[in-house]
J.: 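Sharing a structure with you now.
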Amino acid sequence: MTSSASSSVSDTAADALSLETRGIEPVPDNERNGNPLQLFWVWFAANISILGLPLGATLVVFTGLNIWQSLIVALIGAAGSFAIVGIVSIAGKRGGAPSLTLSRATFGVRGNIGPTLVSLMSRLGWETVNTTTAAFVLLSIFTLIFGGSGAAKDHPVVTIVSIVVFIVLTLVVSGLGHSAILVIQRWSTWIFGALNIFVAVFLIATVDWTAVTSTPAGSISAMVIGVGTIAAGTGIGWANAGADMSRYQRKSVGAGSLVLSSAAGAGIPLVLLIGLGALLSAGDNSLASASDPVAAIREILPAWMAVPYLITAFGGLLLSNHLSVYSASLTTLTLGFRIKRVYAVGVDVFVTFVGAIYFMLISDGFYGPFITFISVLAVPLTAWLGVFMSDMIKRTTYDAASIMNIGNTSRYWYSGGVNWYAFVSWAAGIVVGFLFTAIAVDGDVIYTGPLSGSWIGDNGLGWVASFVVAAGLYLATGGARRTETVAR
């Protein structure tokens with residue numbers, strides 16, 4: 001290795017171990033040296049999680065699709081929704097700040113509180129999902145070593161320790177910040193990607209190919225529902241974090257490169273994992289209905305394969321959680337809390353610690369509420385996307401001083417701190433979205449929108465209606481043009 005190469009590696013290692021002291025303030029141009037390939041690795045690593053397997057299982061068992069339809073749905077739903085993440089990343093390149101911080105320019109410094117709270121709920125929800133599933137992984141290792149049922153409620157102390165271990169490992173990387181995430185996500189992609197392939201080979205060997213080939217095709221309507229489920233469970237849930245990582249991208253980076261790096265980076269692992277989940281579920285619904293999918297898959301494998309499988313599952317969840325916690329800390333700061341980013345990380349993981357304990361030791365179920373959770377939050381998240389992305393059409397620059405100024409002297413104060421064109425459009429999108437939405441937990445209906453029986457409602461497109469109405473109303477009222485005029 002040459003001296004210059006050695007120096008480069010040393011600098012990279014040093015950057016990864018340095019604490020990021022920047023909060024939500026825009027990154028200066030001279031510190032923005034990122035490139036789209038970095039985002040590719042970030043999104044690839046964040047999506048080599050075991051959670052893709054139960055998503056694929058639901059397509060076959062609950063939606064009624066065959067393997068080919070499942071792969072098409074996975075491609076459209078996962079890669080397509082992460083293309084939206086890439087579009088939001090363009091705003092990060094333009095303004096050098098996190099997504100919800102830039103959203104102040106769209107909604108006003110006070111009007112942005114609503115979308116920010118929804119975004120924080122989404123991030124905390126995903127972190128709880130990751131933490132709970134990772135704790136199940138560690139419980140499985142405990143079962144392999146010591147025997148027993150492996151049920152969380154039978155081992156409360158071990159369960160809590162498992163949660164703490166995962167959280168501490170998350171804190172190490174998320175607390176350090178952006179540089180650490182870039183390095184860890186890149187190298188871990190190769191390590192855990194290889195392990196995923198190794199385990200997948202053995203899982204494919206257990207597939208009932210007769211059941212796979214004989215599974216009848218589902219309806220077009222079922223495919224539409226499947227696309228919505230996958231999109232809500234993948235890219236839509238990450239869209240509000242699009243600019244959080246791209247804020248370090250060079251301003252010269254092309255917009256198309258950001259979209260492609262996001263769509264391909266996340267789409268490749270998700271399509272493969274969702275497809276594998278669909279294969280495993282053909283003729284066997286145990287994975288889709290399992291309260292602990294980690295244990296369900298472990299039981300399929302020979303005993304000697306269990307350890308590499310569990311390491312793979314744990315590593316994938318950790319890579320996803322690093323990014324989620326980092327994004328959540330930035331969202332917390334956007335609410336106006338005057339604390340350092342590293343302390344915001346601590347606040348966020350405490351909330352997920354409590355949530356994980358509830359779902360593992362108190363609640364009777366987990367993945368049913370999880371699917372409901374992502375479906376419900378998809379409505380306000382896509383309404384925000386509709387307004388924010390429409391605003392991006394006219395707004396190509398952001399005033400760095402004003403997005404950090406939450407007082408009435410900010411150019412983004414508008415009327416009483418609220419851009420009513422944006423806020424009303426967002427609220428209207430939410431209302432319309434829920435008109436077409438029915439909410440159920442494990443089959444028990446808890447809310448039925450008056451239009452949920454319509455074609456849009458039956459096909460699970462309430463979130464699409466939310467996006468269309470929010471974007472359409474904002475554009476129809478000239479919101480983007482008016483806000484730029486007022487801001488000047």
Side-chain angles (χ1 to χ4, degrees), residues 46 48-55 57 121-175 192 195 199 233 286-301 303 305-325 328 345-374 441-442:
I48 53 175
S49 164
I50 189 178
L51 293 175
L53 297 180
L55 278 176
M121 288 173 58
S122 174
R123 292 273 58 83
L124 292 176
W126 279 107
E127 289 160 32
T128 302
V129 169
N130 290 334
T131 304
T132 302
T133 309
F136 276 131
V137 171
L138 293 181
L139 277 173
S140 288
I141 294 175
F142 173 81
T143 301
L144 286 173
I145 297 174
F146 300 104
S149 67
K153 293 179 181 180
D154 292 340
H155 308 283
V157 174
V158 177
T159 298
I160 293 174
V161 170
S162 299
I163 294 171
V164 170
V165 167
F166 183 75
I167 285 177
V168 169
L169 291 174
T170 297
L171 278 171
V172 170
V173 176
S174 300
F192 292 107
L195 282 171
V199 173
S286 59
L287 178 58
S289 58
S291 60
D292 180 358
V294 175
I297 298 172
R298 187 196 71 218
E299 291 172 1
I300 298 174
L301 295 167
M305 272 295 299
V307 173
Y309 156 68
L310 293 172
I311 292 174
T312 301
F314 188 84
L317 291 163
L318 195 58
L319 295 176
S320 178
N321 217 47
H322 288 160
L323 197 58
S324 188
V325 170
V345 168
V347 172
D348 294 332
V349 297
F350 174 76
V351 174
T352 59
F353 171 73
V354 174
I357 287 179
Y358 171 79
F359 281 113
M360 297 192 74
L361 297 179
I362 300 175
S363 175
D364 292 328
F366 174 54
Y367 287 95
F370 162 55
I371 295 296
T372 301
F373 166 78
I374 62 176
V441 180
D442 292 328

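Heavy-atom basis, side chains included; hydrogens, waters and symmetry copies ignored.
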J.: With Thr312, which residues qualify under side chain to side chain donor-acceptor pair (under 3.5 Å), at least two apart?
T.: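 If we apply the side chain to side chain donor-acceptor pair (under 3.5 Å) test to Thr312, skipping adjacent residues, there are no hits.
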J.: Minimum heavy-atom separation for Leu310 and Ser140, please, with both atom names.
T.: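 Leu310 and Ser140 have their closest heavy atoms at CD2-CB, 3.7 Å.
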J.: So which atom in His322 and which in Leu169 form the shortest heavy-atom distance, rounded to 0.1 Å?
T.: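 Smallest interatomic distance, heavy atoms only, reads NE2-O, 3.7 Å.
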J.: Any idea which heavy atoms bring Ala356 and Thr131 closest together, and the distance?
T.: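 What the structure gives for the nearest pair is CB-CG2, 3.9 Å.
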J.: Is there a side-chain contact between Val164 and Phe353, using heavy atoms and a 4.5 Å cut-off?
T.: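 Yes. Closest side-chain heavy atoms under 4.5 Å.
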J.: Do Ile163 and Thr159 make a side-chain contact, defined as non-hydrogen atoms from C-beta onward lying under 4.5 Å apart?
T.: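 Yes, their side chains come closer than 4.5 Å.
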J.: Flag the pair Glu127 / Leu124 as yes when at least one side-chain heavy-atom distance between them is below 4.5 Å, and no otherwise.
T.: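 The answer is yes; the side chains approach within 4.5 Å.
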J.: Consider side-chain contact (heavy atoms from CB on, under 4.5 Å). Of Phe142, Phe166, Phe314, which one does Val137 pass it with?
T.: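 Checked Phe142, Phe166, Phe314 against Val137; only one passes side-chain contact (heavy atoms from CB on, under 4.5 Å): Phe314.
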J.: Restricting to non-hydrogen atoms, name the atom on Ala46 and the atom on Ser320 that form the minimum distance, rounded to 0.1 Å.
T.: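 Closest pair (atom of Ala46, atom of Ser320, distance): O-CB, 3.3 Å.
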J.: Looking at CD1 of Ile311 and CD1 of Ile141, how far apart are the two atoms once the value is rounded to the nearest 0.5 Å?
T.: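 One gets 7.0 Å once the value is rounded to the nearest 0.5 Å.
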J.: Taking the side chain as C-beta and beyond, is there a heavy-atom pair between Phe136 and Leu317 under 4.5 Å?
T.: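 In short, these two side chains do not touch, never coming nearer than 4.5 Å.
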J.: Return the CG to CD1 distance between Asn130 and Ile167, rounded to the nearest 0.5 Å.
T.: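 Rounded to the nearest 0.5 Å, the CG-CD1 separation comes out at 11.0 Å.
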J.: Checking side chain to side chain contact (heavy atoms under 4.5 Å, CB included) for the pair Asn321/Trp126: CA distance, chi angles, key distance, verdict?
T.: CA-CA 8 Å; Asn321 217 47; Trp126 279 107; over 6 Å; no
